[in-house]
Amino acid sequence: MQKKVIPGGVQIAPSLLSADFSNLASEIKNVADNGVEILHLDVMDGHFVPNITFGPPLVKSIRNVTDLFLDTHLMISSPLDYIEPFARAGADLLTLHSESLSADTDGNPTVRGLTDLREMAKRLSDMSCGIGLTFKPATDPLPWLMEVGGILDLVLIMTVEPGFGGQSFMTGQVPRIELAAALKRDHRWRYALQVDGGINTETAPVALAAGAEILVAGNAVFGQTDRKRAIETLQC
Ligand code: DX5
Ligand code: ZN
């Protein structure tokens, strides 16, 4: 099976975290019918972040009801132990946190951290699954991107502290989006640039102007009654 290409152009990726969990299949169909191509799945283990969501069985159930690109954000402590179950469940891309890999006290990658990341990229690619890398707001992405920017399918700049939906966009992260966009351009790297957290009609244009290509939106899509309008307004 071929690795699925991340849908191009400006994309809104609704975060399932804000959906009605008692009606997941119809929630997913609703956003797909309204033109969305990517669904963002927030996986939290109650350890890496102080919240628990879901694991591979739910990803598998979602895979059974949709062809949407399943963009899976792993906020978990031991990604090496779990990437295969998530890929087998049907995730199209797994985004790991640099903080869940080996780093020194300044947050710079260690040789071990880089080796693990490269190994996971290879294992995922063999399973036709993409790999993304993300960072908590306090982590400098530059040292990581300089090492592995060329092998990533996606870079995610967090604009909230990971763990919960419905938080406010951290404008202090905008230079990070610009940095990731400039590095991509200068090195001709292929990663898609995603922004996650606090995206709404006011902050979406800010993220897009900084170079974001995929905007994750939980509350601004699933929290709205008129999803079609919500998605269209975010895209402009
Ligand atoms: C936070 C998650 C986000 C969150 C976004 O840890 O990674 O994906 O669900 O929700 P909103 O768009 O409501 O900030
Ligand atoms: Zn997320």
Side-chain angles (χ1 to χ4, degrees), residues 6 10-21 24 27-28 31 34 36 38-55 58-59 62 68-77 79 82 86 91-100 130-139 141 152-174 176-177 180 191-208 212-225 227 229-235:
I6 304 176
V10 171
Q11 294 283 337
I12 306 301
S15 163
L16 200 68
L17 203 55
S18 299
D20 174 0
F21 271 55
L24 277 188
E27 289 283 76
I28 294 166
V31 290
N34 284 311
V36 153
I38 303 175
L39 189 66
H40 184 81
L41 305 177
D42 286 303
V43 175
M44 307 185 189
D45 65 354
H47 185 257
F48 183 78
V49 288
N51 197 3
I52 299 179
T53 55
F54 50 81
L58 190 80
V59 175
I62 293 169
L68 288 176
F69 187 94
L70 298 182
D71 153 38
T72 309
H73 178 185
L74 292 185
M75 289 163 270
I76 63 174
S77 291
Y82 295 100
F86 278 105
D92 293 304
L93 177 132
L94 300 179
T95 296
L96 318 170
H97 268 270
S98 71
E99 300 84 5
S100 65
I131 188 164
L133 187 64
T134 188
F135 317 88
K136 288 183 176 179
T139 304
L152 298 173
D153 298 297
L154 181 140
V155 168
L156 164 58
I157 301 297
M158 292 301 300
T159 40
V160 295
E161 206 55 61
F164 299 91
Q167 303 181 74
S168 299
F169 184 88
M170 299 168 76
T171 45
Q173 289 294 93
V174 171
R176 295 255 164 91
I177 307 171
Y191 58 69
L193 182 52
Q194 184 178 57
V195 170
D196 182 6
I199 290 293
N200 56 36
T201 49
E202 269 148 46
T203 56
V206 177
L208 291 174
E213 295 153 346
I214 305 173
L215 303 180
V216 174
N219 192 47
V221 173
F222 281 117
Q224 312 302 310
T225 33
R227 271 79 185 272
R229 188 160 179 275
I231 293 159
E232 279 169 5
T233 343
L234 289 174
Q235 250 159 349

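Start at 1 and go down the list; that is how both ligands and their atoms are numbered.
Protein contacts to the Zn ion (ligand 2) involving N, O or S atoms at a distance below 2.8 Å are His40 NE2, Asp42 OD1, His73 ND1, Asp196 OD2.
At a 3.5 angstrom cut-off on N or O pairs, Asp42 counts as close to ligand 1. On a distance-only criterion, Val160 and ligand 1 share no N/O pair closer than 3.5 Å. The shortest N/O to N/O separation between Val216 and ligand 1 does not fall below 3.5 Å. Not one N or O of Met75 is nearer than 3.5 Å to an N or O of ligand 1, by distance alone. Geometrically, ligand 1 and Ser18 share no nitrogen or oxygen pair separated by less than 3.5 Å. Note: no N/O pair closer than 3.5 Å links Met44 and ligand 1 by distance alone.
Between the side chains of Asp42 and Thr53, no donor-acceptor pair is found at a separation under 3.5 Å.
Contact annotation: for Leu17 versus ligand 1, heavy atoms closer than 4.0 Å belong to the side chain alone. Counting heavy atoms under 4.0 Å from ligand 1, residue Ser15 touches it through the side chain alone.
Closest to atom 6 (O) of ligand 1 among all protein heavy atoms lies Gly163 N, 2.7 Å. Nearest protein heavy-atom contact of atom 10 (O) of ligand 1 is Gly165 CA, 3.6 Å.
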